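Letters A, B, ... mirror the listed sequences (proteins, then strands); counts begin at 1. All of these numbers come straight from a predicted model, not from anything done at the bench.
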Amino acid sequence: MLDKSFNPAAIEQAWYQRWEAAGYFRHRDHAKPAYCIQLPPPNVTGTLHMGHAFQQTLMDALIRYHRMRGDNTNWVVGTDHAGIATQIVVERQLELEGKTRHDLGREKFVERVWQWKQESGSSITRQMRRLGASANWEYADTEGQKAGYFTMDASMSRAVVEVFVRLYEEGLIYRGKRLVNWDPVLGTAVSDLEVDTEEEDGKIWEIRYPFEDGSGSLSVATTRPETVLGDVAVAINPKDERYLKLVGKRVRLPLTKRYIPVIADNYVDPDFGTGCVKITPAHDFNDFNVWRRLFADNRSIAKLPYAGLLSILDLSARVISGQWLNEKHSKSDVAARRDDEELLALVPKAYQGLDRFDARKKIIADLKAEELLVSERPYKLRVPRSGRTNVIVEPMLTEQWFVKMEGMAKDGLDVVKRGEVNFIPEHWTATYNHWLENIQDWCISRQLWWGHQIPAWYDEDGTIYVARSEQEAEKKAGSRKLKRDPDVLDTWFSSQLVPFSSLGWPDATPDLETFLPSDVLVTGNDIIFFWVARMIMATRHFTGKVPFRHVYINAIVRDAEGEKMSKSKGNTLDPLDLIDGISLEALLKKSTAGLMKGEHKERIEKYVRSHYPNGIQAFGADAVRFTFASLATFSITLNFDLSRCEGYRNFCNKLWNAARFVLMNTEGRDCGLDEKLPVKLSFVDRWIVSRLQRVEAAAEQGFAEYRFDNVAASIYSFVWDEYCDWYVELAKLQLQSPDAAVQRGTRRTLVRVLETSLRLLHPITPFITEELWQKVAPLAGKKGATIMLQPYPKSQPEKIDEAAERDMAVLKEWTVAARNLRSEAKIPPGEKLPLYTTAAPPVADVEGTLAAVQSLARLSEIKQAQALPDSTAPVAVVGEARIMLYKEVDPALEAERISKEVARVNGEIAKAKAQLANPSFVERAPPQVVEEVRKRLSNHQQELLKHQEQLQKLRGRK
RNA sequence: GGGCGCUUAGCUCAGCGGUAGAGCGCUGCCCUUACAAGGCAGAUGUCGUAGGUUCGAUCCCUACAGCGCCCACCA
């Protein structure tokens, strides 16, 4: 006998281990249709958060659904080496030991990262197992960790090198000196996507630049005064009448002895600020472009000697003495000038060595002192910060590797346009398109140690040899001595290859043939650019195929109030705490662990105490998964509500108890397995079977449309509202039947419908369904080691029985009406009363229906008569019939109740009449709609008459 | 500045051209031998505002308001 209530902890882990050990998660048979999902590989440093749990619930539901449908499923999983994130984690550890990575040296440091990874990495994959993820852990697992592939392992790395070499050979990867976003703390370039630009409160300053000839000055505005030191020109708009005559003149750069020219460029907006812009080409993207347009490729550069690329910051963003970065200036051009000496100290000594923000302060003070500061005003500006360290990035001119994006981007746009890849919900296509249409070349080199080292070597002359190995490079270089490029690749460079590298590419493996393209990618909208777009481009380029057919963009998980989850607010939830439960004390400790500032702590504690006064209950993985499925609409956000989770835990308990009831009434008895014995099915049996077909169809449709909410809701209401609330109650009655064939039919239906419901639910709630199925299935004549590999229920339209559904609707209507009379008349549940009716229910099985109503509404008997007894007892109108619950009640109260009914019906009548009185409605609306309204009107009118009759009777009594 | 999305019951959300739905919450009455993590009954909405299209609009169109997200080189 089952326990009285559902206890998830008792079953979950045991089942998972059994499934995994039995190898049920592996793909099985390449002759069957393939179904493949690629997991967005979580960072090895990561722990499971709500977003993961949500995504993985959906992926697992799809995988389990397709596995049950007999598909050859392969959920390819793995972890990402997460270059920057992981390096930071290990560097922090070293910090605690008082060391930096430089103390260890590159080789030892990388060793250390690997060591860390083996010991504490991939804890996230262990957490995924708690959720029930039926992932193919052994697939592409070259490290034997049962965590899938690792993007730094040998086979994945091989693909990375191969891709790099091929792209280089095709001329799509190049090395160049470009302005890039530079993180001065990490000391590396980052890509455009890794920079978050937020509006912040800052200041804008206006600075005066005196003319060389002493004829006055002009003013420029800036939000970064420290860059004054690197100015090489002042620009105005060529159409700006005010300044046109100044072009070619020189101004003195404040705080220095340099003179810089006034130039003209369309980039300048004459209506903004003073209409004059300082040009700092080595430290600003716009200025760099101006410089390129006007000087770099312009022969007139000879006339503008000092307008070079002047760098004034080192790679940690401290002010240096100043250095010309473009060759023309660094060599002969500058040296030939007369005023060289002035230039020797490009940046005054006073500023050298200062951090960029200290330099800013000093420069402002000095400008003030020299009366060159015109104004200082508060200003909202967009500040670019590094996504990882949150420090302000500095545009820095450095040698980096880039991937040309134009051609691949065009192809990426085409495959989506052609519908080979579809976004779900569809509107994400616009986001994808917009980015690809405006894509810039991708800076892929990072000045880090942890990652795939770039397979490029240089000889002493700086000639580049890109090769698959050092040997290959040496072969190319001949006798020259080589040095390998120290940089590593952007993490996304390897992740973009996952759709094919995980399947064995560059080898032509059977799995590559079978599982590419995968069926659907389930991922967050935040990595459409980082990952989704790049996978599409790379996979197309190297395999000619798309990586996946569908991209399901899942909602962002927020807290119950719709707030972003963040540690500093204390509103984060750990999926494992929802599964296992957690006490308030433990939760408090956990929420405030590892915090830097004391002031947050109080606020977080307050939040936690008020939201989880008793901690969090253990809901179990099934309830958590069901909650995620129910909330998976196409909305952009998902507000995770604990009370919702509790509701679905209750649902699991309901299912558990329904099974408990069924088992109590069927185990050891005749459940109709012997086909030779007669079986009688009532319309109630046929009704529940009919309803089951409809739910099966709804589930199939829901999965096909990725409407997990619809799948969950339709099964939920079937199990609870139909099977438990009505069928089980009526089955109790049928089990009392003296007819063995009726009993047999009832047991058979009870068992079969339950067994099918378990299979229907299994993709969403795997644990409870497995546990119950093991007990229920044999009673339905089914055998199997696991529900996981049983066929998913399929709707059989021939079992839809509309007559039974209609009759059941009448049964429900009568029952509810009678119960309602009881309730309104405040009759205690224990008291049984007779019910009078003026007509029989319009059903095939009148006797059976009346018996059911009598039982469900707790009536002593049902009597049919021409007229109702002359009584003030409560009366209801059900279809053609009037029914009376035979108990004298206060006529005034009863009159009031009926008056309410009359008012409601009158309202309906008025609405219908108004519609029919409109000639154009009657003429133009479809006939069946008009007919419907007519029928509704006539029904309501009849009902009204019956109510009025009763009302009169009651009034006569007063 | 450009783009996308949202606004429906107290809360969180489905519905998207023909009598407004769910979960949670709320109100009564019940520990009725599957389940109090439950049963039965019930209340609750000028479907953001203003126009338009239509026989008919929560649903389609336009404008406006509020909220959210993404992209963008205005110093």
A/D725 side chain: which of B/rA34, B/rC40, B/rA37 is closest? B/rC40
Note: contacts of residues 928-943 of chain A with RNA chain B (heavy atom, under 4.0 Å) are A/V929, A/R936
Start at the 5' end of RNA chain B and walk down; is the nucleotide closest to A/E198 or to A/V728 reached first? A/V728
N/O to N/O distances under 3.5 Å, protein versus nucleotides 73-75 of chain B:
{"unit_1": "B/rC73", "atom_1": "O4'", "unit_2": "A/N286", "atom_2": "OD1", "d": "3.3"}
{"unit_1": "B/rC73", "atom_1": "O2'", "unit_2": "A/N286", "atom_2": "ND2", "d": "2.6"}
{"unit_1": "B/rC73", "atom_1": "N1", "unit_2": "A/N286", "atom_2": "OD1", "d": "2.8"}
{"unit_1": "B/rC73", "atom_1": "O2", "unit_2": "A/N286", "atom_2": "OD1", "d": "2.9"}
{"unit_1": "B/rC74", "atom_1": "O2", "unit_2": "A/D269", "atom_2": "OD2", "d": "3.4"}
{"unit_1": "B/rC74", "atom_1": "N3", "unit_2": "A/D269", "atom_2": "OD2", "d": "3.0"}
{"unit_1": "B/rA75", "atom_1": "OP2", "unit_2": "A/Y379", "atom_2": "OH", "d": "2.9"}
{"unit_1": "B/rA75", "atom_1": "O2'", "unit_2": "A/A221", "atom_2": "O", "d": "2.6"}
{"unit_1": "B/rA75", "atom_1": "N6", "unit_2": "A/D269", "atom_2": "O", "d": "2.6"}
{"unit_1": "B/rA75", "atom_1": "N6", "unit_2": "A/F272", "atom_2": "O", "d": "2.6"}
{"unit_1": "B/rA75", "atom_1": "N1", "unit_2": "A/D269", "atom_2": "N", "d": "3.1"}

Please report the distance, rounded to the nearest Å, between CD1 in A/I439 and P in B/rC71. 13 Å
Give a yes/no answer on whether the side chain of A/R707 brings an N or O atom under 4.0 Å of OP1 or OP2 in B/rG15. yes
Going by an N to O cut-off under 4.0 Å, is there a salt bridge joining A/R936 and A/E931? no
Rounded distance in Å - CD1 (A/I768) to P (B/rA37): 16 Å
Give a yes or no on whether a donor-acceptor pair under 3.5 Å exists between the nucleobase atoms of B/rA41, that is its base, and the side chain of A/R819. no
Cationic N near anionic O, under 4.0 Å, A/R224 to A/E394: yes
Answer whether the closest heavy-atom distance between the side chains of A/V232 and A/P281 falls below 4.5 Å. yes
Test: A/R819 cationic atom under 6.0 Å from A/W726 six-membered ring centre, within 45° of axis: yes
Report yes or no: do A/D231 and A/Y209 form a side-chain donor-acceptor pair below 3.5 Å? yes
Here the distance between atom P of B/rC71 and atom CH2 of A/W428, to the nearest Å, is 10 Å
Send over the distance from A/F921 CZ to B/rA57 P, rounded to a whole Å. 12 Å
Between A/E199 and A/K380, does at least one N-O distance fall below 4.0 Å, as a salt bridge requires? no
Using whole Å, report how far CD1 of A/I556 lies from C1' of B/rG68. 10 Å
What is the nucleic acid contact for A/P919, judged by heavy atoms within less than 4.0 Å: base, sugar-phosphate only, or nothing? nothing
Residues that A/Y432 engages under side-chain hydrogen bond (donor to acceptor under 3.5 Å, both in side chains), provided they are two or more places apart: none
Which label fits A/F708 and A/Y706: parallel for a plane angle under 30°, tilted from 30 to 60°, or perpendicular past 60°? tilted
Atom P, compared across B/rC47 and B/rC60: separation rounded to whole Å: 15 Å
Any A/V251 side-chain heavy atom under 4.5 Å of A/L218 side chain: yes
On RNA chain B, nearest-nucleotide positions of A/E729 versus A/E824: which is more 5'? A/E729
Taking A/R385 as the fixed residue, which of A/E194, A/E198, A/E200 is the one that meets the salt bridge (charged side-chain N to carboxylate O under 4.0 Å, His left out) rule? A/E200
Atom pairs under 3.5 Å: protein N/O with N/O of nucleotides 20-29 of chain B:
{"unit_1": "B/rC24", "atom_1": "O2'", "unit_2": "A/S643", "atom_2": "OG", "d": "3.1"}

Base B/rC35 paired with A/K4 side chain (donor-acceptor, <3.5 Å): no
What pattern of brackets, bars and dots sums up RNA chain B from 5' to 3', given Watson-Crick or G-U wobble pairs under 3.5 Å, [ ] for crossing pairs and | for another strand? ((((((((.[[[[.)..(..]]]].(((((.......))))).....[[[[[..)....]]]]])))))))....
Is there a side-chain contact between A/N820 and the phosphate of B/rG42, meaning an N or O under 4.0 Å from OP1 or OP2? yes
Phosphate contact (B/rA14 OP1 or OP2) by A/T633 side-chain N/O below 4.0 Å: yes
Below 4.0 Å: OP1/OP2 of B/rU33 and any side-chain N or O of A/K732: no
When the C1' atoms of B/rU58 and B/rA20 are compared, how many Å lie between them, rounded to an integer? 8 Å
Roughly how far apart, to the nearest Å, are B/rU8 and B/rC13 at atom P? 9 Å
Can you tell me, in whole Å, how much space there is between the P of B/rG45 and that of B/rG1? 40 Å
Would you measure the distance from the P atom in B/rG38 across to the matching atom in B/rG25 and give it in whole Å? 9 Å
Ring pair (Phe, Tyr, Trp, His ring centres under 6.0 Å) filter on A/Y243, not counting sequence neighbours, yields none
Rounded to the nearest Å, what distance is computed from the CG atom of residue A/D559 to the C1' atom of nucleotide B/rC11? 13 Å
Taking the side chain as everything from C-beta on, heavy atoms only, tell me whether A/L885 gets closer than 4.5 Å to A/R822. yes
Would you please indicate yes or no on a ring centroid separation below 6.0 angstrom for A/Y552 and A/F423? no
Span that lies between the C1' atom of B/rC6 and that of B/rA75, in whole angstrom: 36 Å
For the P atoms, the ones on B/rC24 and on B/rA37, what distance do you get once it is rounded to whole angstrom? 14 Å
Send over the distance from A/H427 NE2 to B/rC69 P, rounded to a whole Å. 14 Å
Please determine whether a side-chain nitrogen or oxygen atom of A/N639 lies at a distance below 4.0 Å from atom OP1 or OP2 of B/rC13. yes
Pick the C1' atom in B/rG48 and in B/rG3, then give their distance to the nearest Å. 22 Å
Just call it for A/S635: base, sugar-phosphate, or nothing, with non-hydrogen atoms closer than 4.0 Å on any strand. sugar-phosphate
Counting heavy atoms not belonging to A/Q942, are there more than 12 under 6.0 Å from its CD? yes
Could you check whether A/C652 gets within reach of a base, just the sugar-phosphate, or nothing at all, counting any heavy atom under 4.0 Å? nothing
Fit a plane to each ring of A/F626 and A/Y716, take the angle between them on a 0 to 90° scale, and name the class: parallel (under 30°), tilted (30 to 60°) or perpendicular (over 60°). tilted
Residues A/K935 and A/E932 bridged, charged N to O under 4.0 Å: no
Between A/L638 (CG) and B/rU12 (C1'), how many Å, whole number? 10 Å
